[in-house]
There are 2 protein chains.
Amino acid sequence: MPLLAFGSADDEPCLRADAARNRARLLEAAACLVREQGAANLTMEAVAAAASVGKGTVFRRFGDRTGLLTALLDHSEKKFQAAFMSGPPPLGPGAGPVERLGAFGVALLRRTGDELELQLAAEPHPERRFSAAPRRVLHGHVVLLLRQAVPAADCELLAQTLMGYLSPVLVHHLTRQCGMPLERLEAGWLDLVARVTRTDFCC
Amino acid sequence: MPLLAFGSADDEPCLRADAARNRARLLEAAACLVREQGAANLTMEAVAAAASVGKGTVFRRFGDRTGLLTALLDHSEKKFQAAFMSGPPPLGPGAGPVERLGAFGVALLRRTGDELELQLAAEPHPERRFSAAPRRVLHGHVVLLLRQAVPAADCELLAQTLMGYLSPVLVHHLTRQCGMPLERLEAGWLDLVARVTRTDFCC
DNA sequence: TTACGAACCGGACCGAGGTCCGCTTAAATT
DNA sequence: AATTTAAGCGGACCTCGGTCCGGTTCGTAA
């Protein structure tokens with residue numbers, strides 16, 4: 001019963017030395033291939049070959065294509081999570097929930113705008129689309145903010161609605177296929193947040 | 001230069017007799033297989049075999065897997081379109097835009113609830129997800145109603161948001177994976193419409 | 001009736017994601 | 001150093017969506 005040391009630095013622990021080395025080589029090779037020929041054209045076999053590794057190894061380590069792409073996005077993901085969970089306001093704690101919600105969407109839109117290729121290619125299969133870890137974290141955060149802003153509403157559903165607006169496929173469609181500038185999406189987001197969180201039934 | 005007669009009854013015209021016959025056989029075979037083993041397990045080769053037809057024929061007729069599944073949904077789709085475009089209120093013309101919007105979502109949620117399997121399996125690839133014909137029709141209708149209800153808003157974006165709430169994958173996740181009753185989704189829709197279309201900045 | 005050409009057909013073929021299983025090797029134990 | 005064992009490895013293999021192209025058939029027009 002071997003006891004393995006913790007992972008060298010950043011991610012999940014307990015990988016054997018050779019496994020960790022291969023993992024790193026695979027990620028590097030994948031990133032390189034994505035740079036060269038785009039994420040959409042990335043094939044698992046090419047990654048394996050570029051890393052001088054068997055195809056099976058890729059799948060054992062990352063599960064499937066989506067898993068590999070997601071791993072490529074992991075760094076940016078973690079950074080973003082840190083920003084809205086413990087960073088400075090208005091994104092992080094310290095501002096009001098509605099203001100944070102606005103900042104959250106704008107920041108996420110910009111990040112998605114940058115990594116669009118990867119984000120699109122990394123979209124999980126329908127069954128996992130809402131249960132994938134990164135999505136759950138973002139969703140949970142939105143729920144949290146909504147509960148503060150509009151406690152009376154069905155925040156689960158509202159959060160799903162808002163998250164839908166920020167989904168990579170929609171951003172891709174609106175910016176690339178419809179030619180909208182990202183600024184319009186940002187304005188749309190702020191307006192949406194304002195409408196959704198309007199709690200008063202005055203008049 | 002042969003001139004072909006119009007299609008027998010319902011759909012696109014100008015199919016050669018044998019082609020039309022094969023098309024019908026394929027649809028019937030596909031429907032049968034879906035009934036028997038579920039839409040998710042439907043393979044194109046099985047459909048071709050069940051219809052006693054070559055594989056190439058299936059793809060020539062329907063383009064791809066999504067096209068075939070979409071064709072299976074075509075009847076229900078047309079019926080639904082007729083209902084909100086020229087049917088009785090509150091779904092059809094005659095009621096106010098907000099009321100129609102509410103009825104639209106509720107009706108669509110119910111329809112999706114029924115055909116969930118098929119709707120999921122028929123989801124187009126990311127590039128076409130928003131440009132597929134059925135989606136464009138529904139989206140256009142929502143835009144129309146929104147322009148009447150909230151002319152000052154960015155109705156394109158608002159419509160995308162609302163459509164996102166009604167997307168089959170989300171409905172599947174909420175009802176099947178989270179166990180929410182459809183009624184909750186319907187209530188959520190009505191609330192969402194109310195929030196989004198609230199036009200007054202009183203107080 | 002015959003001849004013609006466009007539309008159609010079928011199934012061999014390809015590419016890529018994903019699985020499987022016998023072999024190898026890192027690491028803990030003695 | 002020798003032993004043990006679970007984790008890791010690789011690449012043959014499978015499935016399935018999608019393409020291709022030589023042969024066939026339908027519909028038309030002479």
Side-chain angles (χ1 to χ4, degrees), chain A residues 1-8 12-26 29-30 33-34 37-71 121-128, chain B residues 1-8 12-26 29-30 33-34 37-71 121-128:
Chain A
M1 175 186 307
L3 288 180
L4 294 169
F6 273 55
S8 49
E12 61 225 23
C14 291
L15 273 189
R16 229 169 67 172
D18 52 349
R21 179 184 49 105
N22 280 342
R23 184 187 148 93
R25 285 166 69 173
L26 282 168
L33 288 176
V34 165
Q37 27 179 301
N41 300 340
L42 190 74
T43 77
M44 300 302 265
E45 236 163 332
V47 174
S52 305
V53 144
K55 195 179 178 183
T57 303
V58 193
F59 284 93
R60 189 171 339 93
R61 194 59 53 210
F62 298 102
D64 58 4
R65 203 184 117 102
T66 294
L68 174 59
L69 275 311
T70 302
E123 169 171 281
H125 297 163
E127 321 88 58
R128 321 245 155 118
Chain B
M1 176 185 305
L3 289 179
L4 294 169
F6 273 55
S8 51
E12 61 224 21
C14 292
L15 274 189
R16 229 169 67 170
D18 51 349
R21 178 184 48 103
N22 280 343
R23 183 187 150 93
R25 285 167 68 172
L26 282 168
L33 288 176
V34 164
Q37 27 180 305
N41 301 339
L42 191 74
T43 78
M44 299 302 266
E45 237 164 333
V47 175
S52 306
V53 145
K55 194 178 176 182
T57 303
V58 192
F59 283 94
R60 189 173 338 94
R61 194 58 55 208
F62 298 103
D64 58 5
R65 204 183 114 101
T66 294
L68 173 59
L69 275 310
T70 302
E123 168 171 284
H125 297 162
E127 321 88 59
R128 321 244 156 115

Nucleotide D:dC9, atom C1' - distance to CG of A:L15 in whole Å: 14 Å
Whole-Å distance separating the CZ atom of A:R21 from the P atom of D:dA7: 19 Å
Nearest-angstrom distance from the residue atom CZ of A:R16 to P of D:dA6: 12 Å
Listed once per pair and sorted, the salt bridge (charged side-chain N to carboxylate O under 4.0 Å, His left out) pairs that draw on residues 42-58 of chain A, sequence neighbours left out: A:E45-A:K55
Distance test, side-chain N/O of A:N22 to OP1/OP2 of D:dC9, below 4.0 Å: yes
For B:T66, side chain to side chain contact (heavy atoms under 4.5 Å, CB included) partners two or more places apart: B:D64, B:T70, B:P124
Between C1' of D:dC9 and CZ of A:R23, the distance in whole Å: 17 Å
Which residues share a side chain to side chain contact (heavy atoms under 4.5 Å, CB included) with B:R21, sequence neighbours left out: B:D18, B:R25
Nucleotide nearest B:R61 (side chain, heavy atoms from C-beta), chosen from C:dC8, C:dG18, D:dG8: C:dC8
Side-chain touch A:R23/A:L15, heavy atoms, less than 4.5 angstrom: yes
B:A71: side chain to side chain contact (heavy atoms under 4.5 Å, CB included) partners, not counting sequence neighbours: B:L27, B:F62
Interatomic distance, A:D64 CG vs C:dG18 P [rounded to whole Å]: 5 Å
Atom-pair distance (CZ on A:F62; P on C:dT19), nearest Å: 16 Å
Tabulate atom names and distances for all N/O pairs under 3.5 angstrom spanning the protein and nucleotides 11-16 of chain C.
| from | atom 1 | to | atom 2 | distance (Å) |
| --- | --- | --- | --- | --- |
| C:dG11 | O6 | B:G56 | N | 3.4 |

Set of residues satisfying side chain to side chain contact (heavy atoms under 4.5 Å, CB included) with respect to A:A50, sequence neighbours excluded: A:A29, A:L33
Length of the CZ-P vector between A:F59 and C:dT19, whole Å: 7 Å
